[in-house]
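Worksheet: the structure to be examined is printed underneath.
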Amino acid sequence: QVQLVESGGGLVQPGGSLRLSCAASGRIFSIDDMTWYRQAPGKQRELVAVITVGGSTNYADSVKGRFTISRDNAKNTVYLQMNSLKPEDTAVYYCNAVIVTRGVRYISSDYWGQGTQVTVSS
């Protein structure tokens, strides 16, 4: 089965940087879109950034110019480089990937990581 494992979260001061990683493992045939979401206390989950298999990217307006999403297909890993962090970036960050597996047939499904806490505070 497929598993996504996130890492890289922690406590950082305003203006600092963090790099989140999300590695997929298991019976993977291919990985399509990979996405980062976040959910802050008392707020709805929001899309942060998405990267397609072809490398096209989109960002939420709130992080545009500060965050960069990238992927390493050889390692089945997506990254989120977060610079110039603000207190309002504090949230649990989740990765999501559309992954194709093959047993008796091909199956395309969404998979989620467990989340990693990012806290921006002085």
Side-chain angles (χ1 to χ4, degrees):
Q1 294 188 352
V2 173
Q3 181 179 354
L4 300 182
V5 179
E6 298 157 339
S7 61
L11 175 64
V12 65
Q13 293 184 327
S17 298
L18 285 173
R19 190 193 192 204
L20 306 183
S21 300
C22 178
S25 62
R27 294 177 56 84
I28 298 170
F29 179 77
S30 63
I31 302 178
D32 295 323
D33 292 358
M34 303 186 83
T35 306
W36 286 98
Y37 292 84
R38 69 184 182 187
Q39 187 165 25
K43 299 183 66 177
Q44 296 185 117
R45 184 181 65 180
E46 65 172 336
L47 188 149
V48 177
V50 59
I51 184 167
T52 70
V53 66
S56 298
T57 59
N58 287 102
Y59 299 90
D61 288 341
S62 59
V63 307
K64 197 170 299 181
R66 300 187 297 120
F67 291 9
T68 302
I69 188 171
S70 61
R71 62 192 291 169
D72 185 337
N73 291 331
K75 296 182 178 180
N76 292 332
T77 300
V78 62
Y79 306 95
L80 186 68
Q81 179 66 48
M82 305 185 294
N83 299 325
S84 302
L85 283 162
K86 305 175 181 179
E88 49 263 46
D89 295 318
T90 296
V92 177
Y93 285 71
Y94 300 91
C95 67
N96 172 273
V98 178
I99 298 177
V100 179
T101 58
R102 186 181 184 183
V104 67
R105 60 182 176 177
Y106 294 102
I107 301 176
S108 180
S109 301
D110 279 24
Y111 293 87
W112 290 88
Q114 80 287 351
T116 185
Q117 177 71 49
V118 172
T119 302
V120 185
S121 177
S122 60

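For reference, positions follow the sequence shown, starting with 1. Computed from a prediction, not measured in an experiment: that's the story for all the values here.
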*For F29 and T101, what are the C-alpha separation, side-chain angles and deciding distance, and is it a side-chain contact (heavy atoms from CB on, under 4.5 Å)?*
CA-CA 5 Å; F29 179 77; T101 58; 5.6 Å; no

*Nearest heavy-atom neighbours spanning V2 and I28*: CG2-CG1, 4.0 Å

*If you measure from the Lys or Arg side-chain nitrogens to the Asp or Glu carboxylate oxygens, is any gap between D61 and K64 under 4.0 Å?*
yes

_Short side-chain to backbone donor-acceptor contact, R66 and M82, under 3.5 Å_ = no

*Would you say the side-chain atoms of T116 pair up with the backbone N or O of Y93, donor to acceptor, closer than 3.5 Å?*
no

*Please check if the side chain of Y59 supplies one atom and the backbone of I69 the other of a donor-acceptor pair under 3.5 Å.*
yes

*Check E6 against G113 and note the closest heavy-atom contact, atom names and distance.*
OE2-CA, 3.6 Å

*Would you say R71's side chain and T52's backbone share a donor-acceptor pair under 3.5 angstrom?*
yes

*Roughly how far apart are S122 OG and Q13 CD, rounded to 0.5 Å?*
7.0 Å

*Would you say the side-chain atoms of Q81 pair up with the backbone N or O of R19, donor to acceptor, closer than 3.5 Å?*
no

_Shortest non-hydrogen separation from S17 to N83 and the atoms involved_ = OG-OD1, 2.9 Å

_Residue among N96, V63, L80 satisfying side-chain contact (heavy atoms from CB on, under 4.5 Å) with W36_ = L80

*asked:* Measuring only between side-chain heavy atoms, which start at C-beta, is N73 closer than 4.5 Å to I31?
replied: no

_So which atom in R27 and which in G103 form the shortest heavy-atom distance, rounded to 0.1 Å?_
NH2-CA, 4.4 Å

*CD1 on I99 to CD1 on I107, rounded to 0.5 Å*: 13.0 Å

*Where I51 and V78 come nearest, the two heavy atoms and their spacing*: CG2-CG2, 4.2 Å

*Are any side-chain N or O atoms of Q117 and backbone N or O atoms of G9, one a donor and one an acceptor, separated by less than 3.5 Å?*
no

*Is the Y94 ring parallel, tilted or perpendicular to the W112 ring (thresholds 30°, 60°)?*
perpendicular

_Between CE on residue M34 and CG on residue N76, distance to nearest 0.5 Å_ = 7.0 Å

_Minimum heavy-atom separation for L4 and C22, please, with both atom names._
CB-SG, 3.8 Å

*Below 4.5 Å, heavy atoms only, C-beta onward: do S108 and V98 meet side chain to side chain?*
yes

*asked:* Please tell me whether L20 and L11 are part of a single hydrophobic cluster in this structure, the criterion being side-chain heavy atoms less than 4.5 Å apart.
replied: no

*Distance, nearest 0.5 Å, that separates CG of D32 from OG of S109*: 11.0 Å

*Start with the C-alpha distance between L18 and F67, add both sets of side-chain angles, then the distance that settles side-chain contact (heavy atoms from CB on, under 4.5 Å), and finish with yes or no.*
CA-CA 10 Å; L18 285 173; F67 291 9; over 6 Å; no

*Step-by-step side-chain contact (heavy atoms from CB on, under 4.5 Å) determination, R38 to S62*: CA-CA 12 Å; R38 69 184 182 187; S62 59; 3.3 Å; yes

